[in-house]
Amino acid sequence: MSETGSRPQSARWFERARRAMPGGVNSPVRAFGAVGGVPPFIRRGRGPRIEDEDGNTYIDYVLSWGPLILGHAPEVVTAALAEAAAEGTSFGAPTRWEALLAEELCDAVPGLEMVRLVNSGTEAAMSALRLARAYTGRSRIVKFAGCYHGHADSLLVEAGSGVATLGIPGTPGVTAGAAADTISLPYNDIDAVEQAFAAYGDTIAAVIVEPVAGNMGCVPPVPGFLEALRRLTAQHGALLIFDEVITGFRLHRGGAQAVCGIVPDLTCLGKVIGGGLPLAAYGGRREIMAMVAPEGPVYQAGTLSGNPLAVRAGLAVVQALRDEGIFRRLDETAAALTAGIGEALSAAGVPHCIQRSGSMFTVFFTEGPVRSLDDARRSDAGRFARFFHALLQRGVYIPPSPYECWFVSAAHGPAEVEATLAAVRDAAAGGL
Ligand SMILES: *Cc1c(COP(=O)(O)O)cnc(C)c1O
């Protein structure tokens with residue numbers, strides 16, 4: 001293993017990649033724009049760790065941006081994949097595995113009576129919106145600044161994730177028409193939602209929300225916020241869509257909705273349910289889902305939808321998550337990390353605020369609390385970049401943006417917590 005932090009092979013590959021792909025990447029935040037420097041090119045992962053092309057190893061808190069709740073290459077997934085691959089990788093015809101996964105999802109998530117499997121969270125959110133508009137016969141949607149629902153045109157207005165990281169206010173290529181039907185409001189602002197419904201109530205098809213926001217950093221809902229969304233949408237005949245692409249099967253087997261006890265009309269899932277392969281889903285009440293083709297007129301299709309490899313990897317993971325003990329252990333690991341990081345930063349006199357929900361959390365370099373995108377933007381970007389590189393150099397890989405969550409997997413144990421906290425203490429003592 002070479003000295004951690006030295007990455008000549010990654011630098012070489014980055015140069016080649018940049019000639020052949022915009023920014024050298026296939027998803028923007030991977031390019032390290034917010035923190036600078038050369039991203040490690042990853043060649044393998046195992047459990048809580050990844051290894052780059054130079055042989056450096058890192059404790060991984062990105063976990064493919066959330067999906068890998070059992071860590072890298074867990075035996076249940078690699079075994080399911082090997083078996084599936086040997087039997088053929090795609091048929092474009094129904095398989096029993098799809099029925100099994102759909103049943104498992106409906107059994108776990110309170111709001112799901114029927115689901116449709118798709119390939120990405122983007123597709124799930126985009127399709128859920130189309131369905132909501134068809135069901136209500138209305139066109140407007142309400143979303144919240146800093147929430148990210150994939151890159152469909154109408155959802156890129158004031159979006160979180162990479163859109164927030166890059167400071168892109170809107171995105172060229174999105175027509176005024178696509179954006180005009182989107183009402184973007186501050187997260188956690190109940191008054192703003194009431195005003196929007198007072199003004200536009202009979203034209204709003206749906207409110208889409210991350211029930212715990214994860215794309216402006218971890219921002220839990222304030223008490224009463226989700227309740228207000230449920231009440232106002234029901235009153236005005238609009239649908240409530242929970243985008244649980246991050247929170248589904250991460251906070252609880254039943255998602256954030258099982259924790260908060262509020263049942264949405266439609267739910268989007270992704271990330272964890274694909275077991276590290278491209279798979280997502282949208283679903284909800286039977287009467288609404290019955291409008292999806294071929295049962296109903298709302299068209300939505302996919303050549304690789306319900307792909308056998310993805311479905312069997314996902315099924316292996318969601319079945320493993322029937323074990324409630326996993327969520328308790330994830331919570332304990334994340335709690336130990338946030339407590340230790342907070343102590344180290346306080347000891348070094350660094351202003352910060354750590355927000356956590358289960359096994360997802362964010363270290364904001366601002367006095368808290370962070371309740372909205374405006375609050376999150378007060379985080380000190382320069383200090384974050386220094387913190388990020390100090391940890392990377394010490395073998396700890398966190399998301400390369402101040403607006404993302406660290407994720408913990410079941411493969412992260414006390415040894416990883418100790419090593420991570422030692423790195424954080426060392427980084428903080430060295431000055432941030
Ligand atoms: C990641 C994410 C998406 C988009 O999913 P992709 O698979 O990247 O298209 C949508 N919504 C939320 C809440 C997400 O975190």
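These numbers were taken from a predicted model, which means no experiment stands behind them. Every number for a ligand or one of its atoms is a count from 1 in the order of the listing. The residues of the chain are indexed from 1 along the displayed sequence.
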**OP:** Kindly state whether the ring of Phe407 and the ring of Phe361 have centres lying under 6.0 angstrom apart.
**Re:** no
**OP:** Taking only Lys NZ, Arg NE, NH1 and NH2, and the carboxylate oxygens of Asp or Glu, determine whether Arg116 and Glu123 approach each other closer than 4.0 Å.
**Re:** no
**OP:** Could you point out which residue of Ile69, Leu321, Val317 forms a side-chain contact (heavy atoms from CB on, under 4.5 Å) with Phe249?
**Re:** Leu321
Original post:
Which of the listed options, His151, Lys271, Met126, holds the heavy atom that is closest to atom 2 (C) of ligand 1?
Top reply: Lys271
Original post:
Does His149 reach ligand 1 with a nitrogen or oxygen that is under 3.5 Å from one of the ligand's nitrogen or oxygen atoms?
Top reply: no
Subject >> For atom 8 (O) of ligand 1, the protein heavy atom that lies nearest, with its residue and separation >> reply: Thr122 OG1, 4.6 Å
Original post:
Applying a strict 4.0 Å limit to heavy atoms, is Glu244 in contact with ligand 1?
Top reply: no
Original post:
In terms of residue, atom name and distance, what is the protein heavy atom nearest to atom 7 (O) of ligand 1?
Top reply: Gly121 N, 2.8 Å
Original post:
Is Arg250 positioned over the aromatic face of Phe327, cation under 6.0 angstrom from the ring centre and no more than 45 degrees off axis?
Top reply: no
Original post:
Under 4.0 Å from any heavy atom of Asp243, which atoms of ligand 1 are there?
Top reply: 10 (C), 11 (N), 12 (C), 13 (C)
**OP:** Might you point out which heavy atoms bring Leu131 and Met291 nearest each other, and give the distance in Å?
**Re:** CD1-CB, 3.8 Å
Original post:
Has ligand 1 got any nitrogen or oxygen that is less than 3.5 angstrom from a nitrogen or oxygen of Val245?
Top reply: no
Original post:
What residue and heavy atom of the protein are closest to atom 12 (C) of ligand 1, and at what distance?
Top reply: Tyr148 O, 3.2 Å
Subject >> Exceeds 12 heavy-atom contacts within 6.0 angstrom, atom OH of Tyr200 >> reply: no
